[in-house]
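Per chain, numbering begins at 1; letters A, B, ... match sequence-line order. Computed over heavy atoms, backbone and side chain alike; hydrogens, waters and symmetry mates excluded.
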2 protein chains.
Amino acid sequence: MAITPEGRSAPTLRDVAEVAGVSFKTVSNVLNDHPQVREATRVKVLAAVEQVGYRPNLAARNLRLGRSGVIGLAVPELSQAFFAQLADEVIRIAAEQDLVVLVEQTGGERERELEALRNPRLSLTDGLLLAPLGLTHEDLAPDAAGRPLVVLGEPLFPGPVDHVTMQHEAAARAATAHLLALGRRRVVLLGAHAAEDTGVAALRYAGYRAALADAGLPVDDGLVVPIETWDRQRGAEAMGRVLDAGVRMDAVFAMNDDLALGALRSLQERGLAVPRDVALVGFDDVADGRYTFPSLTTVEPGRHDIARIAVTMLRERIDDRPRGDLGPRVVAPDFRLVVRESTGAEVRARRA
Amino acid sequence: MAITPEGRSAPTLRDVAEVAGVSFKTVSNVLNDHPQVREATRVKVLAAVEQVGYRPNLAARNLRLGRSGVIGLAVPELSQAFFAQLADEVIRIAAEQDLVVLVEQTGGERERELEALRNPRLSLTDGLLLAPLGLTHEDLAPDAAGRPLVVLGEPLFPGPVDHVTMQHEAAARAATAHLLALGRRRVVLLGAHAAEDTGVAALRYAGYRAALADAGLPVDDGLVVPIETWDRQRGAEAMGRVLDAGVRMDAVFAMNDDLALGALRSLQERGLAVPRDVALVGFDDVADGRYTFPSLTTVEPGRHDIARIAVTMLRERIDDRPRGDLGPRVVAPDFRLVVRESTGAEVRARRA
DNA sequence: AGCGCAGGTTACAACGTTGAACCGCGGGCC
DNA sequence: GGCCCGCGGTTCAACGTTGTAACCTGCGCT
């Protein structure tokens, strides 16, 4: 209950009713525009609402209706640009649908992702959008049934859980194909995950292999660079090691933009020209890649659609909850290869 | 009320009580660990809690206590790296204090910032952290009294509102002084706001002027470039115009990192070497500036402290609400000039 | 033996809201 | 003229929790 500095507690339906001279339930009826209200009383009540500055108490409404209008969004961390932009979209779209978003950070750690699923602090949300990095099938299974849930990422679990994912393989294939179409033949792959046969890294790796196969090229294991955590620092370091080892290559496909931007720095630091000496493609279309020099060619994974679909699906789950006759769904929106300067789109250097 | 797919509704205190063979209030007493509970019943109750899988209903608790444990955070947009990193810190610190964060985006528009202050959707938060761009004194005044509020940004309003801000002027002065100490004499200022005498832009401008004055240099209006919206694109465009106009200069102080990174691109695009030809300093210490080439010298405004102080202050406001005897506070944590390659810190180009 | 007292547990009320059931009243229909 | 019905509104109960106060039991004290 909000208490004003003067010590008055926030006005309730009863206070409005008193001013309007009707029962408090009539005020409720007006506000929920039930039909059975005479225009005259409606006006009278609305005036009273205005006068006392009434605001509905959402906690009470929430208790009564079993709905809060709040959804949870659990991401690894907002300081990763991709997730920040995703959260931006999710919040924006949720607002359009009169939902509000409670953001939780998991650090990508399995333990904390599990906690996000179970956390009682989240029990005042109607449902959860979860972008997990560490979870596995088994983790999701026991909790899946609990509350409305939509997972952002590749399907971990064939159970009753909606997934909104990306066309990882097709997009990685297109990105690699783009490099090959430029005549590049030795394409470094940054970000492979050792001993992972499902998951984002594996899918993108499969796309890379497929594109090479399409071009009749073998996979050179010497060009496949494993990096567990996809951040800029590690991208720069890995690229640096590759260069210092004297590996021959003419292109880089980084599994995300952060790796790509780190790699870009390492390339430039060593005096290599991008795209002349090495062409570079990333993945995610993070804003940072648009104003680097050269700007970064990347895959736009359909972030806007992902956010829209995820919120919509979650809402459907929430609305469906009493019935529960909605099957699990998996959607992967269209992606788009955004060609910029790092693969030779109009390098606009002027006086250089 | 959470309904499981099987149609069972979530267990309540009553369900636990029935299993444990005590009254539901005793269960409540156990869970809130009131002293007056025999160890034997405590154990019995906890076992029952476990057995039925009880989770407290936060909506009910919230209604009863008038507290939700949720705080609101309203920022312009998360896709701006500075705010994403700020949100990251706020969520992290809030979690430490058992608070959870509801994030709202205002787009930096006055209208929507006002709405964030008043929005009933936020009435289930205990208080609000607001990072406004468009608000003015008059806007804040009437609403300030409503609910616990901490404003992130320079003090707009001398009323009963806490502010956590930055040492804009001192930091800008230090940044500019740093450039002057390198021997630069013609320092372009990117991001001035026309006709603004208070506000972030004005304060940073004042710091810039002060540093010049310290060095006995005049302010050259031809070097002061107004940019209303501080994003990369506009930074790049403005820098481009300055360069194309043939303005003589040997350094740039951008009012934030986004402007700086945009400017960096324009400089490089035109074949100018940073820092050799032009030294460059930004403001905010956004992650992106760490792995550009050259990396970006910038002001770290004490983001971590800002987040910590803001959350703590808000909590104090919330706790103080019944009494209301807390005066308004203004805090500006220490900043730090982070010297990187764009002003000549160990340019590590190797083969170049 | 009776009384008070404290420890342990319980009943009751309340937080503010909404859905269901109910009531009085006037008008239309038979 | 009596009955039914719909309109406009009301009363009642409930959502699940916690603070207050009352309750009961057994024990120690006088």
Side-chain angles (χ1 to χ4, degrees), chain A residues 1-3 8-46 48-49 52-70 120-121 123-124 126 321-322, chain B residues 1-3 8-46 48-49 52-70 120-121 123-124 126 321-322:
Chain A
M1 172 183 43
I3 309 268
R8 286 179 289 104
S9 61
T12 75
L13 286 179
R14 295 192 143 75
D15 300 319
V16 177
E18 196 164 341
V19 172
V22 293
S23 93
F24 79 96
K25 186 60 224 281
T26 299
V27 178
S28 164
N29 288 336
V30 169
L31 295 177
N32 295 273
D33 37 45
H34 283 219
Q36 316 287 62
V37 176
R38 191 158 34 198
E39 181 59 19
T41 49
R42 220 181 68 83
V43 170
K44 195 169 55 180
V45 166
L46 289 178
V49 164
V52 306
Y54 170 77
R55 299 286 168 77
N57 178 323
L58 292 194
R61 175 179 292 172
N62 181 4
L63 172 59
R64 183 62 236 249
L65 299 180
R67 280 273 191 109
S68 60
V70 181
R121 285 188 312 188
S123 86
L124 45 69
D126 295 335
R321 197 168 36 176
Chain B
M1 173 182 45
I3 308 268
R8 286 180 288 104
S9 62
T12 75
L13 286 179
R14 296 191 141 76
D15 300 318
V16 177
E18 195 163 343
V19 171
V22 294
S23 92
F24 80 95
K25 187 59 225 282
T26 298
V27 179
S28 165
N29 288 337
V30 170
L31 294 177
N32 294 274
D33 39 43
H34 283 220
Q36 315 286 63
V37 177
R38 189 158 35 195
E39 183 58 18
T41 49
R42 221 181 67 82
V43 170
K44 196 169 55 178
V45 166
L46 289 179
V49 163
V52 306
Y54 171 78
R55 300 286 170 75
N57 179 323
L58 292 194
R61 175 178 294 172
N62 181 5
L63 172 60
R64 183 62 237 251
L65 299 180
R67 279 276 189 107
S68 61
V70 181
R121 285 187 312 187
S123 85
L124 43 70
D126 295 335
R321 197 167 35 175

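Put simply, B:His34 has a side-chain N or O that comes within less than 4.0 Å of OP1 or OP2 on D:dG19. Phosphate contact (OP1/OP2 of C:dT9, side-chain N/O of B:Thr41, threshold under 4.0 Å): present. Contact between the side-chain N/O atoms of A:Ser28 and the OP1/OP2 oxygens of C:dT18 is found at a separation under 4.0 Å. Considering only side-chain N and O atoms, B:Arg61 lies under 4.0 angstrom from the phosphate OP1 or OP2 of D:dT18. In this structure, A:Arg38 reaches the D:dG9 phosphate: one of its side-chain N or O atoms is under 4.0 Å from OP1 or OP2. The phosphate of C:dT9 has neither OP1 nor OP2 within less than 4.0 Å of any side-chain N or O from B:Thr26. For the OP1/OP2 pair of C:dG16 and a distance below 4.0 Å, the side-chain nitrogens and oxygens of A:Thr12 include no atom meeting the criterion. OP1 or OP2 of D:dT18 sits under 4.0 Å from a side-chain N or O of B:Asn32.
With contacts defined as side-chain heavy-atom distances shorter than 4.5 Å, the pair A:Leu124/B:Leu124 does not qualify.
Listed nucleotides: C:dT17, D:dG16, C:dT10. Nearest to the side chain of B:Val22: C:dT10. Comparing C:dG19, C:dT17, C:dT9 by their closest approach to the side chain of A:Leu65 singles out C:dG19. Considering only the side chain of B:Pro56, D:dT17 comes nearest among D:dT17, C:dT10, D:dC12.
Distance CZ/B:Arg61 to CG/B:Leu31: 8.0 Å, rounded to 0.5 Å. Distance check, rounded to the nearest 0.5 Å: CG of B:Asn57 to OG1 of B:Thr12 gives 9.0 Å. Going from atom OG of A:Ser23 over to atom CD of A:Glu18 covers 12.5 Å, rounded to the nearest 0.5 Å.
Between B:Arg64 and B:Phe24, the one whose closest nucleotide on DNA chain C sits nearer the 5' end is B:Phe24.
When the P atom of D:dT17 is taken as reference, atom CG of B:Leu31 falls 9 Å away, rounded to whole Å. Atom CD in A:Glu39 sits about 16 Å away from atom P in D:dC7, given to the nearest Å. One can place CG of B:Leu63 at 13 Å from P of D:dC15, the figure rounded to the nearest angstrom. For the pair A:Asn29 CG and C:dC22 P, the computed distance is 17 Å after rounding to whole Å. The nearest whole Å value for the distance from the OH atom in B:Tyr54 to the C1' atom in D:dG16 is 7 Å. If you measure from atom CD of B:Gln36 to atom P of C:dC5, you get 16 Å, rounded to the nearest angstrom. In this structure, B:Leu58 atom CG and C:dC15 atom C1' are separated by 15 Å, rounded to whole Å. Counting to the nearest Å, the P atom of C:dG8 and the NZ atom of B:Lys44 are 13 Å from each other.
Not one N or O on the side chain of A:Asn62 forms a donor-acceptor pair closer than 3.5 Å with the backbone of A:Leu58.
In the interface, the side chain of A:Lys25 is paired with the base of C:dG19 through a donor and an acceptor atom under 3.5 Å apart.
Put simply, the residue from A:Val37, A:Val43, A:Thr41 that forms a side-chain contact (heavy atoms from CB on, under 4.5 Å) with A:Glu39 is A:Val43.
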